[in-house]
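Below is one structure, written out as structure tokens, with a few remarks after it.
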Amino acid sequence: MHLLVINGPNLNLLGIREPDIYGRGTYNDLCRRISAHAEACGATVEFFQSNHEGAIVDRIQEAYQVVDGIIINPAAYTHTSVAILDALKAVAIPCVEVHISDVDAREAFRKVSYVALVAEKRFAGYGFDGYLMAMDYLIETYHS
Ligand code: DQA
């Protein structure tokens with residue numbers, strides 16, 4: 001199973017940004033953990049991080065008929081982006097939403113998620129583990 005992990009704006013600053021909320025692990029630490037888990041599960045994984053909404057839309061479109069599952073943390077675009085929602089609907093690739101923090105326990109505006117309208121599942125508030133949980137879900141559901 002070939003998976004694409006997409007991370008949205010400011011997640012390149014993991015380890016620096018608000019460590020009390022997002023932890024001290026860096027973006028590279030996150031990618032290393034996901035890669036190790038994928039290898040253990042017999043899956044392959046590629047990563048994409050961007051601070052730009054259109055770049056994320058482009059990357060989702062490129063995944064059409066190439067990728068078997070998408071794990072996405074759209075970060076702030078979760079709460080605003082119809083374009084990312086529409087791109088995920090357009091390619092119809094099974095998709096899981098991940099948030100490092102428990103978005104439902106934070107400011108009211110973080111309770112709104114456009115991506116939730118297309119994502120099959122959401123893991124929020126589990127730190128980096130949420131990405132691994134998303135991977136397990138996709139493998140269990142789609143790797144027969
Ligand atoms: C986040 C939560 C979002 O509300 C926030 O804008 C982020 C990160 C998370 O992983 O907890 O940038 O998606």
Side-chain angles (χ1 to χ4, degrees), residues 1-41 43-64 66-142:
M1 190 167 194
H2 186 54
L3 302 172
L4 171 64
V5 179
I6 298 176
N7 278 288
N10 300 306
L11 291 170
N12 55 317
L13 292 186
L14 284 172
I16 296 170
R17 87 181 274 218
E18 301 179 89
D20 44 321
I21 297 176
Y22 300 111
R24 300 215 169 264
T26 65
Y27 177 70
N28 283 340
D29 293 336
L30 172 64
C31 294
R32 271 194 290 270
R33 275 202 67 193
I34 295 170
S35 291
H37 193 70
E39 205 178 321
C41 295
T44 53
V45 68
E46 56 184 307
F47 298 95
F48 183 73
Q49 189 280 325
S50 178
N51 297 325
H52 304 278
E53 185 177 18
I56 295 170
V57 169
D58 287 343
R59 189 63 192 84
I60 292 167
Q61 291 186 7
E62 282 165 21
Y64 180 62
V66 178
V67 162
D68 305 309
I70 293 177
I71 297 166
I72 185 164
N73 181 348
Y77 291 138
T78 307
H79 319 299
T80 62
S81 181
V82 177
I84 291 173
L85 166 66
D86 284 350
L88 289 167
K89 281 186 169 176
V91 297
I93 298 168
C95 156
V96 179
E97 176 184 4
V98 174
H99 300 284
I100 296 166
S101 67
D102 182 2
V103 277
D104 286 329
R106 299 179 64 191
E107 301 95 324
F109 67 84
R110 293 186 205 274
K111 294 189 206 299
V112 174
S113 170
Y114 287 93
V115 165
L117 297 171
V118 66
E120 293 187 13
K121 271 216 171 268
R122 164 195 267 199
F123 296 98
Y126 299 104
F128 288 4
D129 286 350
Y131 294 84
L132 311 187
M133 295 158 94
M135 189 185 301
D136 288 344
Y137 168 80
L138 286 168
I139 291 170
E140 279 161 22
T141 309
Y142 291 102

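Whatever order the structure lists them in is the order used to number ligands and atoms, beginning at 1. Counting begins at 1 with the first residue of the sequence.
- Atom numbering of ligand 1 starts at 1 in the shown order; those under 4.0 Å from a heavy atom of Arg17 are 7 (C), 8 (C), 12 (O).
- The 12-atom threshold is exceeded at CD of Glu120, counting heavy atoms of other residues, nucleotides or ligands nearer than 6.0 Å.
- By the criterion of a heavy-atom distance under 4.0 Å, the side chain of Arg110, and not its backbone, is placed next to ligand 1.
- If you look at Glu97 next to ligand 1, there are no close heavy atoms at all, none under 4.0 Å.
- His99 ND1, 3.8 Å is the protein heavy atom nearest to atom 1 (C) of ligand 1.
- Counting non-hydrogen atoms of other residues, nucleotides and ligands closer than 6.0 Å to NZ of Lys89 gives a total of 12 or fewer.
- With hydrogens and angles disregarded, a donor-acceptor distance shorter than 3.5 Å links the side chain of Gln49 to the backbone of Gly8.
- The protein heavy atom nearest to atom 9 (C) of ligand 1 is Ile100 N, 3.4 Å.
- Relative orientation of the His79 and Phe109 rings is perpendicular, given thresholds of 30° and 60° on the angle between their planes.
- At under 3.5 Å, not a single nitrogen or oxygen of Arg106, backbone or side chain, sits near a nitrogen or oxygen of ligand 1.
- Among all non-hydrogen protein atoms, the one lying nearest atom 7 (C) of ligand 1 is Tyr22 OH, 3.5 Å.
- With Asp68 contributing its side chain and Leu3 its backbone, the two residues share no donor-acceptor pair below 3.5 Å.
- Summary of contacts: the protein heavy atom closest to atom 11 (O) of ligand 1 is Ser101 OG, 2.6 Å.
- The closest approach between any non-hydrogen atom of Asn73 and ligand 1 is below 4.0 Å.
- Heavy-atom neighbours of His2 NE2 from other residues, nucleotides or ligands within 6.0 Å: above the threshold of 12.
- Using a 4.0 Å cut-off to heavy atoms of Val103, the atoms of ligand 1 that qualify are 2 (C), 4 (O).
- Counting heavy-atom neighbours within 6.0 Å of Tyr22 OH, excluding the residue itself, gives a total above 12.
- The shortest distance between side-chain heavy atoms of Pro94 and Leu138 falls below 4.5 Å.
- When each atom of ligand 1 is checked for a heavy atom of His79 under 4.0 Å away, the hits are 3 (C), 4 (O).
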